[in-house]
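First up is the structure itself, then whatever we jot down about it.
Computed from a predicted model, the values in this text were never measured in an experiment.
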Amino acid sequence: MPCCKAEEYKWCRDLSVVGYKDVEDNEYCIFHAPKGEKGITLQDFNKLIFERIDEANKESKSCNLSGTVFEGDITFDLGKDNLLLGLNFSSSTFSGRAWFIGTLSDDTDFSRAMFDSEAFFLVTFLGNASFFSAIFRKYANFSEAKFNKNTVFAYATFNEKASFLKSIFNKEADFLGATFNQLADFSKAKFFKKANFSSDGHQAIFNGKANFSKAEFCEEAEFPWAEFIEKTDFSDAKFFRRVNFFNVKFKEEADFAWTIFGGEAHFRHATFVKEANFFKSEFVNDGEFTILDIEKEIRFEGANLEAISFLDSDLRKFDFINCKWPPKKDGRKVLYDEIELFKNKKDKDFKTKIEKVETLYRQLKQKCKEDHNEYEVSNWHYGEKEMQRKGSSWKNFSFYLLNLYWVSSGYGERPLRAGIVLVLLIIAISVILGLTGIKSLYTDDVIKIRELSEIWNLDYLKATLQYTTFEPKPDFIPSNWFLKIAAKLLIPLQAALFALAVRNRFRR
């Protein structure tokens, strides 16, 4: 009677069965019989495995060992002279240590395989390599392995350390839905094509530390919806194309120090439960840190922020230290979001976005106030008011007040402008007084200019200064009631704005 697995795998249907029967009275061939029930020694069983592989190799065909239950430790020393056309270990169980050394010249299938002990793959995979839904109960070592074609670890489970140190992936690498329960070490690994680690509904889960230090991603790298439960290390990593961390959860520290983002970097909707470090990170193209959920703080130190968007994130939870901002605008530091906003004023969401940028500047101002960084407070205050002014409608009264505030003193932050406006205002009112006349407090005589040259008569300037400085008994007062009010209000108010601007400029 054939092995009960014959219908499932077919390749063993002509093999004889061993004496073992399970509780359902099923019989098994020697390859599919459980460990310890094969009736031969480990050495003899391994010999049967190698004989079957050699036979397939001589016939230049792939060797099918799917569903095999390996008795114990086994080493596949492939060497340079043992290039195999392919091996099918799908749904196999490796009961002991499994060593694979050398070169596999064709497709290799370990899908749904179970590794009960350590597995070592010191291998060059010349064909496709599939570890779909494979389970590694112990240490899995792929250090310096080379995958020359498509590689699949989708839904694989690594219960202990998984090492891909210095591994090379020359074609697409698929880790969708993979679970790493302890350390996942991808340090110095190189991905020459797209690297898929996660997607919506197929998220990779890193329950242990995730180490991608000095890893290189030459094409797109996809991590959306991934969960990093322990510390995450992408320090010195290089992303030459787009990297996607959409909706990723970093539940412990995340380190992106010295990381190079050569393409777009998307962190939209990402969650940072603990600190995140972007020391000296370089963003060559657009970076998106929008709608972030931040519980601790994100630190950007010496990082390039020239093309980073922060819309809908709370910048009070960011630390910016010696960062490279976009080119200054009107002498002030600006956010990339403001620059992008005014490239397309006809955007239907322009009004909403300008309010969001205003919020970002307000948050930065509040953050700097809390840190007693008064110099930066002035910078972000100016940006906040600019967004208010440019976002207000001419139909609203605030539009005119904000524009007057801007023209008169740069929102209380430009002392030179405020001083010039004050001087011009004094001169203008003095000239107008000369035209409309000033009245002597003692004789009720009204003095007006008769010739243009008299416009520079210091009496008008003296009258203006005396009256506007609230001197108890000025020599002259304006004869026009409107100028009485204007001189009493405008010049003192502008003088106050000038004093405020001077104070703001030199505060520290």
Return the set of residues passing salt bridge (Lys or Arg N to Asp or Glu O under 4.0 Å) with Lys329 (not counting sequence neighbours), or none when no residue passes. Glu338
Please say whether more than 12 non-hydrogen atoms of neighbouring residues, nucleotides or ligands are located less than 6.0 Å from NZ in Lys214. no
Short N-O contact, Glu252 and Lys231, less than 4.0 angstrom: no
Verify the ring-centre separation between Phe131 and Phe121: is it less than 6.0 angstrom? yes
Between Thr68 and His32 the two heavy atoms that sit nearest each other are N-CD2, 3.8 Å
Give the C-alpha distance, both sets of side-chain angles, the deciding distance and a yes or no for side chain to side chain contact (heavy atoms under 4.5 Å, CB included) between Phe261 and Val243. CA-CA 8 Å; Phe261 298 91; Val243 57; 3.7 Å; yes
Is the distance between the ring centroids of Phe50 and Phe45 less than 6.0 Å? no
Step through it carefully: locate the ring centre of Phe110, locate the ring centre of Phe100, and say whether they are under 6.0 Å apart. yes
Ignoring hydrogens, what is the shortest heavy-atom contact between Phe89 and Ala113? Give both atom names and the distance. O-CB, 3.9 Å
Using a strict cut-off of less than 4.0 Å between a Lys/Arg side-chain nitrogen and an Asp/Glu carboxylate oxygen, indicate whether Glu413 and Arg332 qualify as a salt bridge. no
Side chains of Asp330 and Tyr382, donor plus acceptor under 3.5 Å: no
Heavy-atom donor-acceptor pair, Thr259 side chain to Ser281 backbone, under 3.5 Å: no
Main-chain N/O of Trp99 paired to Thr75 side chain as donor or acceptor, under 3.5 Å: no
Establish, yes or no, whether the cationic atom of Arg112 lies under 6.0 Å from the six-membered ring centre of Tyr155 and within 45° of the ring axis. no
Phe278: which of Phe318, Phe267, Trp258 passes ring-ring contact (aromatic ring centres under 6.0 Å, His included): Phe267
Angle class for the His381/Tyr405 ring planes (parallel below 30°, perpendicular above 60°, tilted otherwise)? perpendicular
State, without any angle test, whether Gln388 and Lys385 hold a side-chain donor-acceptor pair at a distance under 3.5 Å. yes
Taking the six-membered ring for Trp and the single ring otherwise, decide whether the centroids of Phe245 and Phe256 are under 6.0 Å apart. yes
Check Phe153, Trp225, Phe186 against Phe197 for a ring-ring contact (aromatic ring centres under 6.0 Å, His included) and give me the one that passes. Phe186
In sequence, state the C-alpha distance, the side-chain angles, and the governing distance for Asp174 and Thr151, and then conclude on side chain to side chain contact (heavy atoms under 4.5 Å, CB included). CA-CA 6 Å; Asp174 181 1; Thr151 306; over 6 Å; no
Could you tell me whether Lys324 and Glu306 have a side-chain N and a carboxylate O separated by less than 4.0 Å? yes
Salt bridge (charged side-chain N to carboxylate O under 4.0 Å, His left out), that's the test. Do Lys356 and Asp312 meet it? Break it down for me. CA-CA 7 Å; Lys356 291 181 177 181; Asp312 292 311; 3.0 Å; yes
Under the side chain to side chain contact (heavy atoms under 4.5 Å, CB included) rule, what do Thr124 and Phe147 come out as? Steps first, then yes or no, please. CA-CA 6 Å; Thr124 296; Phe147 301 88; over 6 Å; no
Spacing of CG belonging to Asn57 relative to CD1 belonging to Ile53, to within rounding of 0.5 Å: 9.0 Å
Is it true that Glu264 and His266 share a donor-acceptor pair across their side chains at a distance under 3.5 Å? yes
Between Thr157 and Arg137, is any pair of side-chain heavy atoms under 4.5 Å apart? no
Pairing of Glu219 and Arg242 as salt bridge, 4.0 angstrom limit: no
Indicate yes or no: does Lys367 engage Asp319 in a salt bridge with an N to O separation below 4.0 Å. yes
Does some side-chain heavy atom of Phe206 sit less than 4.5 Å from a side-chain heavy atom of Thr232? no
Examine distances only and state if a side-chain atom of Ser130 and a backbone atom of Ser111 form a donor-acceptor pair shorter than 3.5 Å. no
Passes salt bridge (charged side-chain N to carboxylate O under 4.0 Å, His left out), Glu118 versus Arg97? Steps please. CA-CA 5 Å; Glu118 291 88 351; Arg97 289 186 177 182; 3.3 Å; yes
Run the side chain to side chain contact (heavy atoms under 4.5 Å, CB included) test on Lys249 and Phe228 for me, step by step, so that the C-alpha distance in whole Å, both residues' side-chain angles and the decisive distance to 0.1 Å come before the verdict. CA-CA 6 Å; Lys249 292 180 175 61; Phe228 294 90; over 6 Å; no
Do the charged groups of Glu386 and Arg389 touch, with an N to O distance under 4.0 Å? yes
Provide the closest heavy-atom pair for Lys194 versus Glu222 in the form atom of the first, atom of the second, distance. CE-CG, 3.7 Å
Pairing donors with acceptors under 3.5 angstrom, does anything connect the side chains of Asn170 and Asn148? yes
Do you see a donor-acceptor pair shorter than 3.5 Å between the side chains of Glu288 and Ser309? no
Is the gap between the ring centers of Tyr336 and Trp325 under 6.0 Å? no
Which atom of Lys209 lies closest to which atom of Glu230, heavy atoms considered: N-CB, 3.6 Å
Backbone of Ser213 reached by a side-chain donor or acceptor of Ser235 within 3.5 Å: no
Heavy atoms of Leu104 and Leu87 approach each other most closely as CD2-CD1, 3.7 Å
Do the side-chain N and O atoms of Asp185 and Ser187 include a donor-acceptor pair separated by under 3.5 angstrom? yes
Could you tell me whether Lys343 and Glu340 make a salt bridge, using a distance below 4.0 angstrom between a side-chain N and a carboxylate O? yes
After noting the C-alpha distance and the side-chain angles of Glu384 and Lys365, does the key distance pass the salt bridge (charged side-chain N to carboxylate O under 4.0 Å, His left out) rule? CA-CA 8 Å; Glu384 176 193 359; Lys365 182 175 74 171; 2.6 Å; yes
Is it the case that the ring center of Trp11 lies less than 6.0 angstrom away from the ring center of Phe31? yes
If you take all heavy atoms of Phe300 and Cys323, which pair is closest and at what distance? O-SG, 3.1 Å
Determine whether the aromatic ring centres of residues Phe175 and Phe164 are separated by less than 6.0 angstrom. yes
